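Contents: one structure, followed by commentary.
Just so it is clear: chains get the letters A, B, ... in the order the sequence lines come, proteins before strands, and each one is counted from 1. Computed from a predicted structure; not experimentally measured.
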2 protein chains.
Amino acid sequence: MNQLYLTMRQDIIEGRLQVGEQLIETTIAQRYQVSRTPVREALRRLEQDGLVERSPRGGIRVKVWTADEMFDLYELRIILESGAARWAAERKTRLDVIRLRQTNEEMRKLDPAVANNLRDVNLAFHEALWRASHNAPLIDTLGRLQRQIMRHPASTLKHPGRWAAIVQEHDRLIEAIERGDGERAANIAGEHMTEARDLRLANYLADQDKPNLA
Amino acid sequence: MNQLYLTMRQDIIEGRLQVGEQLIETTIAQRYQVSRTPVREALRRLEQDGLVERSPRGGIRVKVWTADEMFDLYELRIILESGAARWAAERKTRLDVIRLRQTNEEMRKLDPAVANNLRDVNLAFHEALWRASHNAPLIDTLGRLQRQIMRHPASTLKHPGRWAAIVQEHDRLIEAIERGDGERAANIAGEHMTEARDLRLANYLADQDKPNLA
DNA sequence: CTGTAGACTTCTGTATACAGTCGTGTGCCA
DNA sequence: TGGCACACGACTGTATACAGAAGTCTACAG
């Protein structure tokens, strides 16, 4: 919908708008060659996305996440992905299963050493999972969360052996969903996200000293 | 912050803006005696709150919830409240426990037959619980969800015996949290919300024929 | 040298005007 | 009489101008 909103969101996610940067409406307007009106709208939406925040002094800045906050985001995501998996097992359609399979097969074909779309295709799998839950507010919430988490480089996918492990876990998850075993699906999804959290946080803590990556 | 946003949100929650009503910017602007600019901002924020939605034709309407969607909202809330209770048990401070106790004692003192602030004080208890989880994204998400659910009259609190039962369940929940028993706290909270869901949906379905309440 | 007051600068909030798009209705032609 | 085209109207998206709040800097006085 809003072109500027999408552009700015991408610019934040991909780091072109620096963390902590003061976002002054007139400056942003000049930068993107539009007037203040669309800038305001974009900023409001980004604020509700949790990608920018108002400082007490009234200014708006690109949100800085501490390690603690990243941990909280992942904790939340763990229970939401578990829930999504459980409901997917209960509510899936045949089309949902096909979509999951197809996306995971795409993932299997990729060579993590050379592919540069690991994050996108992995996200596609999770979106397929969310969708299979057939719970709109849940899908919406997971999307929001994902955008906040995506603010950070997804280097964990390049860890040696990680990609293959992910594809295998996805296999097990699909199988549980197809069998309608909600409990097992929830467990697998929970463990899956817990591993992602631990890897990510190890990464994050290691990067704490390199300010430009944080 | 935004006065108009808050006013409109309240007007939607309390039914002064009718469900399904077409929200045309200029009309709203006249109605609230402001210009279109703040109206646009308020509408965008309400849209992200899920209180209004764009129809494919481009118009914005006050969102209509089907029984299925209400069910989904509650399903989501059940797992989030469970999560909040679990983390509260793990992360609570002494102040959190005091707050929970105090709010529940306030609830105990009320006579559900005559009090007209049942919803507010019950909400205060749950907010205290969320807060005790010390997980900001979770608190944020629960608040958003609550606003969507609040769109509907909370008549379930007036069911005979329901209020006393709620206070007792809260007692058990507080005790589990204080003991640090996350598993038990999560279970109690989950059951608590499940009961709320079932009562609410029974109510909701019974009201389906009375269009003005739906 | 330090504290306070006042003005200037800067930013956000709001109003309004203008442009573009989309749907609908009417009129004309086949 | 039916279909197509053109025009008008209504609504949203965008730009810009104006107002008000708040912070800062400087100057003057104690």
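- Here dT12(D) presents its C1' atom at 10 Å from CD of E41(A), a figure rounded to the nearest Å.
- Distance Q3(B) CD to dG13(C) C1': 13 Å, rounded to the nearest Å.
- Between the OH atom of Y5(B) and the C1' atom of dG13(C) there is a distance of 18 Å, rounded to whole Å.
- For R144(B), the side chain to side chain donor-acceptor pair (under 3.5 Å) partners are D140(B), not counting sequence neighbours.
- When each of T27(B) and V34(A) is assigned the nucleotide of DNA chain D with its nearest heavy atom, T27(B) is the one assigned upstream, toward the 5' end.
- Nucleic acid contact for L23(A): sugar-phosphate only, since backbone atoms but no base atoms lie under 4.0 Å from a heavy atom of the residue.
- In this structure, the CD atom of Q22(B) is 13 Å from the C1' atom of dG23(C), given to the nearest Å.
- Spacing between atom CD1 of I24(A) and atom P of dG13(C) amounts to 13 Å, rounded to whole angstrom units.
- Of the residues listed (N117(B), N104(B), L157(B), V167(B)), the one engaging N122(B) in a side chain to side chain contact (heavy atoms under 4.5 Å, CB included) is L157(B), and it is the only one.
- The interatomic distance linking E25(B) (CD) with dT21(C) (P) rounds to 17 Å, in whole Å.
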Under 3.5 Å, which N/O atoms of the protein pair with N/O atoms of nucleotides 16-19 of chain D?
from    : atom 1 : to     : atom 2 : distance (Å)
dT16(D) : O4     : T37(A) : OG1    : 3.2

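- Scanning for salt bridge (Lys or Arg N to Asp or Glu O under 4.0 Å) contacts around E178(B) gives R101(B), with sequence neighbours left out.
- Listed by chain and residue number, Y5(A), L6(A), I13(A), L46(A), D49(A), L51(A), R147(A) satisfy the side chain to side chain contact (heavy atoms under 4.5 Å, CB included) test with R9(A) (two or more places apart in sequence, or in another chain).
- With sequence neighbours excluded, no residue satisfies side chain to side chain donor-acceptor pair (under 3.5 Å) with Q30(B).
- Residue I12(A) holds its CD1 atom at 6.5 Å from CG of L23(A), rounded to the nearest 0.5 Å.
- The distance between atom CZ of R54(A) and atom C1' of dC11(C), rounded to the nearest whole Å, is 12 Å.
- Atoms CG (L43(A)) and C1' (dG13(C)) sit 14 Å apart, rounded to a whole Å.
- Set against dG13(D), dG13(C), dT14(D), the side chain of P38(A) has dT14(D) as its closest nucleotide.
- Among pairs with a residue in residues 83-92 of chain B, those fulfilling side chain to side chain donor-acceptor pair (under 3.5 Å) read D72(A)-R91(B), E75(A)-W87(B), R86(B)-E183(B), at least two apart in sequence or across chains.
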